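Order of appearance sets the numbers: ligands from 1, and atoms from 1 within every ligand. Every value quoted in this text rests on a predicted model; they were computed, and no experiment measured them.
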Amino acid sequence: MQTLKPCAVATALALLAWPAANPPGAAGLQPPPQILIQDFRFVPSELTIRAGETVSWTNRDEDVHTVVSDDGLFRSPALDTQESFSFTFKRPGTYRFTCSFHPRMTGTIIVQPPK
Ligand SMILES: [Cu+2]
């Protein structure tokens with residue numbers, strides 16, 4: 001089956017070249033942790049991450065929201081539609097947060113020790 005050989009070589013070359021097409025630091029296949037603010041809720045309302053990871057919140061509502069941690073660790077400015085806020089969690093623990101305008105909007109970040 002001589003005719004298959006060029007194809008196999010091309011496939012092997014493509015596989016070898018594939019990692020080079022990704023910028024350094026993009027090795028993790030998981031998307032960065034993200035919480036959406038929509039319909040006056042944090043989605044998801046609970047998120048588990050590793051210490052050192054950065055969570056971003058993006059407001060998908062027409063209304064202005066904030067992200068404020070219960071223990072004062074972080075506090076976003078007022079986020080308009082499509083605006084984002086991010087925070088890097090350095091220490092393991094359970095972090096609850098609310099929207100200062102809508103106290104019924106609550107969420108939790110669970111930070112596990114780094115791998
Ligand atoms: Cu709000």
Side-chain angles (χ1 to χ4, degrees):
M1 299 293 279
Q2 293 275 336
T3 51
L4 286 181
K5 274 187 184 169
C7 183
V9 168
T11 302
L13 285 175
L15 286 172
L16 283 172
W18 181 76
N22 292 285
L29 292 175
Q30 288 181 315
Q34 170 157 243
I35 292 176
L36 298 179
I37 305 171
Q38 53 189 21
D39 299 327
F40 290 81
R41 287 188 316 198
F42 294 106
V43 183
S45 61
E46 186 178 303
L47 187 64
T48 301
I49 62 166
R50 296 274 176 186
E53 287 192 291
T54 300
V55 176
S56 70
W57 290 260
T58 301
N59 185 9
R60 292 278 164 84
D61 270 348
E62 299 292 316
D63 296 81
V64 173
H65 296 291
T66 64
V67 182
V68 179
S69 76
D70 287 10
D71 61 6
L73 185 64
F74 54 88
R75 167 179 280 270
S76 80
L79 299 175
D80 227 321
T81 307
Q82 297 301 339
E83 286 186 330
S84 294
F85 170 75
S86 45
F87 184 80
T88 302
F89 290 84
K90 296 194 172 130
R91 293 190 184 178
T94 299
Y95 301 90
R96 298 181 203 288
F97 56 91
T98 60
C99 169
S100 60
F101 300 136
H102 313 104
R104 276 179 293 179
M105 293 174 62
T106 61
T108 306
I109 306 286
I110 297 164
V111 182
Q112 297 182 332
K115 274 179 204 170

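When ring centroids are compared, F97 and F42 come within the 6.0 Å threshold.
Around the CD atom of Q82, the shell of radius 6.0 Å holds more than 12 heavy atoms that belong to other residues, nucleotides or ligands.
Near the Cu ion (ligand 1), less than 2.8 Å away, sit the protein N, O or S atoms H65 ND1, C99 SG, H102 ND1.
In terms of the side-chain contact (heavy atoms from CB on, under 4.5 Å) criterion, residue partners of R75 (sequence neighbours excluded) are, by chain and number, V68. Evaluation of the side-chain contact (heavy atoms from CB on, under 4.5 Å) rule for S45 yields no partner, not counting sequence neighbours. Applying the side-chain contact (heavy atoms from CB on, under 4.5 Å) criterion to P32, with sequence neighbours excluded, gives no partner residue.
Between I35 and V67 the shortest side-chain heavy-atom distance does not fall below 4.5 Å.
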